[in-house]
Amino acid sequence: MSRIPLPSPDAMSADQKRVYEQIVSGPRGRLVGPLRAALHNPDLAERWQALGALLRYGTSLPPRVSELAILVTARRWNSQIEWHIHAQAAAAAGVPSVVIEAIRTRREPVFEQAGDAIAYEFSRQLQETGQVAQELYGRALAAWQVVGVVELTAVVGYYTMVSMTLNAHEIPMPDNAPAPLDTPLRDGCAALSRLPAAPGRER
């Protein structure tokens with residue numbers, strides 16, 4: 001159960017209803033996840049959904065790259081809804097099921113494409129250290145140019161905000177779906193997940 005009330009269409013203010021209609025008439029098709037919380041401030045929700053739509057649907061990155069970065073972020077933050085939605089999107093974008101399952105279970109993924117390994121390791125390093133190694137950064141530049149690296153970093157940052165919002169407010173899973181991720185414990189408390197480095201990278 002959510003820690004906060006979640007506005008329903010029949011109880012929304014005029015501004016909330018306006019933003020709600022923007023969301024459900026766009027590529028998302030429905031209101032799920034963090035926007036249910038953000039809608040308490042319609043201006044926040046409007047800007048949030050615009051940024052999210054841009055980063056998910058409007059970058060120069062291949063969807064496969066974006067979805068891998070989102071999965072790494074979801075797993076890092078143990079974000080159940082984010083994983084539930086984006087594991088499906090990653091599969092549709094061509095990410096192999098064995099890679100998705102390895103990330104879900106925090107095992108070392110084996111990549112067939114170099115770009116997949118770069119996207120995974122870039123996102124993993126950024127999430128776990130707050131930095132990206134120079135050599136890896138150079139490989140990302142070669143793969144996606146400056147604009148792509150800027151976009152990839154923004155994707156990781158945006159979906160970190162999404163994860164934090166979902167976790168803090170305990171937004172419920174859509175469609176009564178089961179939680180797909182385990183949450184590791186340290187000293188009896190929930191902890192962020194750590195992922196292994198991509199094959200051939202130092203841990």
Side-chain angles (χ1 to χ4, degrees), residues 27 33-34 51-164 166-167 179-184 186 190-203:
L51 177 60
L54 172 64
L55 290 174
R56 186 172 180 187
Y57 304 108
T59 73
S60 66
L61 295 168
R64 180 175 180 136
V65 170
S66 296
E67 293 300 334
L68 261 173
I70 296 167
L71 289 188
V72 170
T73 303
R75 179 67 270 194
R76 172 63 171 166
W77 289 89
N78 310 311
S79 180
Q80 306 291 351
I81 298 176
E82 189 168 300
W83 182 275
H84 173 72
I85 292 172
H86 289 279
Q88 299 173 54
V95 178
S97 60
V98 292
V99 170
I100 296 172
E101 182 63 8
I103 297 171
R104 188 185 73 83
T105 56
R106 292 178 280 135
R107 292 181 291 107
E108 182 179 285
V110 176
F111 297 106
E112 297 179 355
Q113 296 189 15
D116 290 356
I118 296 169
Y120 170 88
E121 187 62 15
F122 187 103
S123 305
R124 187 196 70 82
Q125 287 189 16
L126 189 55
Q127 282 287 349
E128 295 195 10
T129 72
Q131 306 289 332
V132 177
Q134 182 60 47
E135 181 271 340
L136 177 61
Y137 193 90
R139 292 173 65 204
L141 280 174
W144 304 303
Q145 311 306 313
V146 170
V147 64
V149 177
V150 170
E151 291 165 344
L152 180 59
T153 305
V155 167
V156 173
Y158 172 80
Y159 281 96
T160 294
M161 180 175 69
V162 169
S163 295
M164 294 171 78
L166 292 168
N167 290 354
L181 304 176
D182 70 307
T183 299
R186 293 192 183 95
L192 298 181
S193 288
R194 298 197 67 182
L195 292 172
R201 312 288 307 184
E202 290 187 3
R203 285 166 173 73

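Since the structure is predicted, the reported quantities are computational estimates derived from the model, not experimental observations.
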Is there a side-chain contact (heavy atoms from CB on, under 4.5 Å) between L61 and L152 once you walk through the steps? CA-CA 8 Å; L61 295 168; L152 180 59; 4.0 Å; yes

Which residues pass the side chain to side chain donor-acceptor pair (under 3.5 Å) test with D116, not counting sequence neighbours? R64

With sequence neighbours left out, which residue pairs that include part of residues 68-100 fulfil the ring pair (Phe, Tyr, Trp, His ring centres under 6.0 Å) condition? H86-Y159

Rounded to the nearest 0.5 Å, the CD atom of E121 sits from the CG atom of L126 at a distance of 11.0 Å

For S163 and A74, which heavy atoms make the closest approach, and how far apart are they? OG-CA, 4.3 Å

Sorted by chain and number, sequence neighbours left out, side chain to side chain contact (heavy atoms under 4.5 Å, CB included) with A90 holds for E67, L71, V95, I100

For V156 and V72: C-alpha separation, side-chain torsions, deciding distance, then whether side-chain contact (heavy atoms from CB on, under 4.5 Å) applies. CA-CA 9 Å; V156 173; V72 170; over 6 Å; no

Which pairs with one or both residues in residues 77-104 pass salt bridge (Lys or Arg N to Asp or Glu O under 4.0 Å), sequence neighbours excluded? E101-R104

Evaluate the criterion side-chain contact (heavy atoms from CB on, under 4.5 Å) for residue pair R75 and R106; output intermediate values, then yes/no. CA-CA 8 Å; R75 179 67 270 194; R106 292 178 280 135; 3.9 Å; yes

With sequence neighbours left out, the residues meeting ring pair (Phe, Tyr, Trp, His ring centres under 6.0 Å) with F122 are none

Partners of R76 by side chain to side chain donor-acceptor pair (under 3.5 Å), sequence neighbours excluded? none

Distance from S123 atom OG to I70 atom CD1, nearest 0.5 Å? 9.5 Å

Which residue pairs satisfy the side chain to side chain donor-acceptor pair (under 3.5 Å) criterion with at least one member in residues 140-157, sequence neighbours excluded? S60-E151

Donor-acceptor under 3.5 Å (N78 side chain, A191 main chain): yes

Check salt bridge (charged side-chain N to carboxylate O under 4.0 Å, His left out) between R107 and all other residues, then give those that pass, not counting sequence neighbours. none

Write out all pairs satisfying ring pair (Phe, Tyr, Trp, His ring centres under 6.0 Å) with one or both partners inside residues 91-120, taking only residues at least two apart or from two chains. F111-Y120

T73: which residues meet the side chain to side chain donor-acceptor pair (under 3.5 Å) condition with it, sequence neighbours left out? Q127

